[in-house]
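Presented below is the structure to which this report refers.
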2 protein chains.
Amino acid sequence: MNAIAKISQQFAAHNYKLTPQRQAIVNLLLANENEHLSVEEVYMRIKGGYPHLGLATVYRTLELLCELHIVEKMNFGDGVARYDLRGDEHDHMHHHLICNSCGRLMEIKDDWLLELEQRVEREYGFKVTDHRLDFKGTFNTCSRKGCKASPKKQEISCGA
Amino acid sequence: MNAIAKISQQFAAHNYKLTPQRQAIVNLLLANENEHLSVEEVYMRIKGGYPHLGLATVYRTLELLCELHIVEKMNFGDGVARYDLRGDEHDHMHHHLICNSCGRLMEIKDDWLLELEQRVEREYGFKVTDHRLDFKGTFNTCSRKGCKASPKKQEISCGA
DNA sequence: ATATTAGTTTAGAATTATTATAAATTGAGT
DNA sequence: ACTCAATTTATAATAATTCTAAACTAATAT
């Protein structure tokens, strides 16, 4: 079953309608799997082919997609919330590499934390249901070429 | 050397003055090491004994403390930025446990990621300078007692 | 077919967090 | 004390997000 069918099913299963607006938003997310779009970006990109789209609808739809665990809301420190499609498996989470010099955001589509999650449970009596792992730093290729494309303000490193 | 002396030194080293306002903010943070205070919280708590304090000053001071790597700015998904004192060692980062049922935020004062950081460098050519690791889940003690104190809205889990 | 209803969308207002501005104040060095 | 630059304050401005009320839509019952 392809992604859109699966999502459509999830909507139905929770008695939500897959309206054209919602459809358009889901399609856009699927077409840009590797980007982490903000509400504004989603809004702008759809607005072109679909002028009668309300910003509030985008907010509500993304929130709904969160609720259905189709996307994940994240904040990378540039002041806006960004949304990230979840893979097929809920427990198969990915990690992020955030480049200090160019702002590039790369995903590691792998879960490296199973062991640590067991340790958390053992040592802290804490049952992990989800996690987030971001690395800040620089790509070697990036620092060599001195690519200072768009070094966005980041929270963890605090600009220095 | 104690914490306040060290911080004072860092201010001096960068030609910043340790004004009474800044002093007060630093003291408050030190006195609440384990909490992750927001700007508003810092502002309110100091305002009591120090009525002539501007909110903008709190923003600016916390930003400055970030720049000096004394605190770290983080966003846990409740809509406000929170600030967290860094330990003595920059590279000795801690991790977070965030409880879904009561919203409690606990720190693991340890660095479990050295190995993974090496792996990131090896496999992705990415030199890590900082990281962030949060676990979402529930404390066993918490779920047993059903403590639903104040389940704040969180981003990663998206409310469900 | 038509009326009803619940869910959805829209535009715009309201709210909230944060940043910018300009005038007043402070503090270190002379 | 005087000067200059850094800092602070109060306020205004901006930006992201949420709320609201009216309009719209699709499905169902009549």
Side-chain angles (χ1 to χ4, degrees), chain A residues 7-8 10-26 28 36-47 49-68 71 73-83 152-155 158-159, chain B residues 7-26 28 36-44 46-47 49-68 71 73-83 152-155 158-159:
Chain A
I7 291 171
S8 164
Q10 277 180 276
F11 268 81
H14 289 80
N15 273 21
Y16 290 121
K17 296 169 189 164
L18 190 46
T19 65
Q21 291 91 335
R22 289 172 177 174
Q23 182 89 241
I25 292 170
V26 167
L28 184 72
H36 298 70
L37 301 174
S38 66
V39 169
E40 200 67 25
E41 283 163 353
V42 169
Y43 177 64
M44 296 303 258
R45 294 195 192 187
I46 295 178
K47 192 92 178 177
Y50 199 139
H52 282 267
L53 176 74
L55 183 57
T57 299
V58 180
Y59 273 99
R60 256 178 299 101
T61 301
L62 287 171
E63 196 182 339
L64 181 58
L65 289 169
C66 250
E67 214 178 296
L68 297 174
V71 302
K73 182 180 185 180
M74 306 215 81
N75 193 315
F76 293 104
D78 55 357
V80 296
R82 295 183 174 278
Y83 295 81
K152 284 177 192 158
K153 186 172 42 175
Q154 298 289 349
E155 275 170 6
C158 294
Chain B
I7 290 171
S8 165
Q9 215 176 40
Q10 277 180 275
F11 268 82
H14 289 81
N15 274 22
Y16 290 122
K17 297 168 190 168
L18 191 46
T19 65
Q21 291 91 333
R22 288 172 177 176
Q23 182 88 242
I25 291 169
V26 168
L28 183 72
H36 297 71
L37 301 175
S38 66
V39 169
E40 199 67 25
E41 282 162 355
V42 170
Y43 177 64
M44 296 303 257
I46 295 178
K47 192 94 178 174
Y50 199 136
H52 282 266
L53 177 73
L55 182 57
T57 299
V58 180
Y59 272 99
R60 255 178 300 101
T61 301
L62 287 170
E63 196 181 340
L64 182 59
L65 289 169
C66 251
E67 213 178 296
L68 298 174
V71 302
K73 183 180 185 181
M74 306 215 82
N75 193 315
F76 292 103
D78 55 357
V80 296
R82 296 184 171 278
Y83 296 82
K152 284 177 191 158
K153 186 173 42 174
Q154 298 289 349
E155 274 172 5
C158 293

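Here is the naming used below: chain letters follow the sequence lines, and residue numbers restart at 1 for every chain. In this text, all values refer to a predicted model and were calculated from it rather than measured experimentally.
A straight line from OH of Tyr50(B) to C1' of dT25(C) spans 11 Å, rounded to a whole angstrom. Atom CD of Glu41(B) and atom P of dA17(C) are 11 Å apart (whole Å). When the P atom of dT14(D) is taken as reference, atom CG of Asp78(A) falls 21 Å away, rounded to whole Å. Distance NE2 (His52(B)) to C1' (dA24(C)): 13 Å, rounded to an integer number of Å. The CG atom of Leu64(A) sits 13 Å away from the P atom of dG7(C) (whole-angstrom rounding). Tyr43(A) has its OH atom 14 Å from the P atom of dT9(C), to the nearest Å. Rounded to whole Å, atom P of dT10(C) lies 15 Å from atom OH of Tyr59(A). Spacing between atom CG of Asn15(B) and atom C1' of dG27(C) amounts to 14 Å, rounded to whole angstrom units.
The side chain of Gln21(B) approaches dT9(D) more closely than any other nucleotide in the set dA6(D), dT18(C), dT9(D). Checking dT8(C), dT9(D), dT9(C) against the side-chain heavy atoms of Thr57(A) singles out dT9(C) as nearest. For Leu55(B), counting side-chain heavy atoms from C-beta on, the closest listed nucleotide (dT8(C), dT17(D), dT18(C)) is dT18(C). Taking only side-chain atoms of Ala56(B), from C-beta outward, the nucleotide of dG7(C), dT18(C), dA10(D) with the closest atom is dA10(D).
Taking both residues in full, the closest heavy atoms of Lys47(B) and Leu53(B) are given as NZ-O, 3.2 Å, listed atom of the first, atom of the second, then distance. Here the closest non-hydrogen pair linking Leu55(B) and Val39(B) is CD1-CG1, 3.8 Å. Of all heavy-atom pairs between Ser38(B) and Val80(B), the closest is CB-CG2, 3.8 Å. In terms of heavy atoms, Thr57(A) sits closest to Ile25(A) at O-CD1, 4.4 Å. Heavy-atom minimum distance, His36(B) versus Glu41(B): O-OE1, 4.0 Å.
Between Arg60(A) and dT8(C), a side-chain N or O to OP1/OP2 separation shorter than 4.0 Å is absent. Of the side-chain N and O atoms in Thr19(A), none sit less than 4.0 angstrom from OP1 or OP2 of dA26(D).
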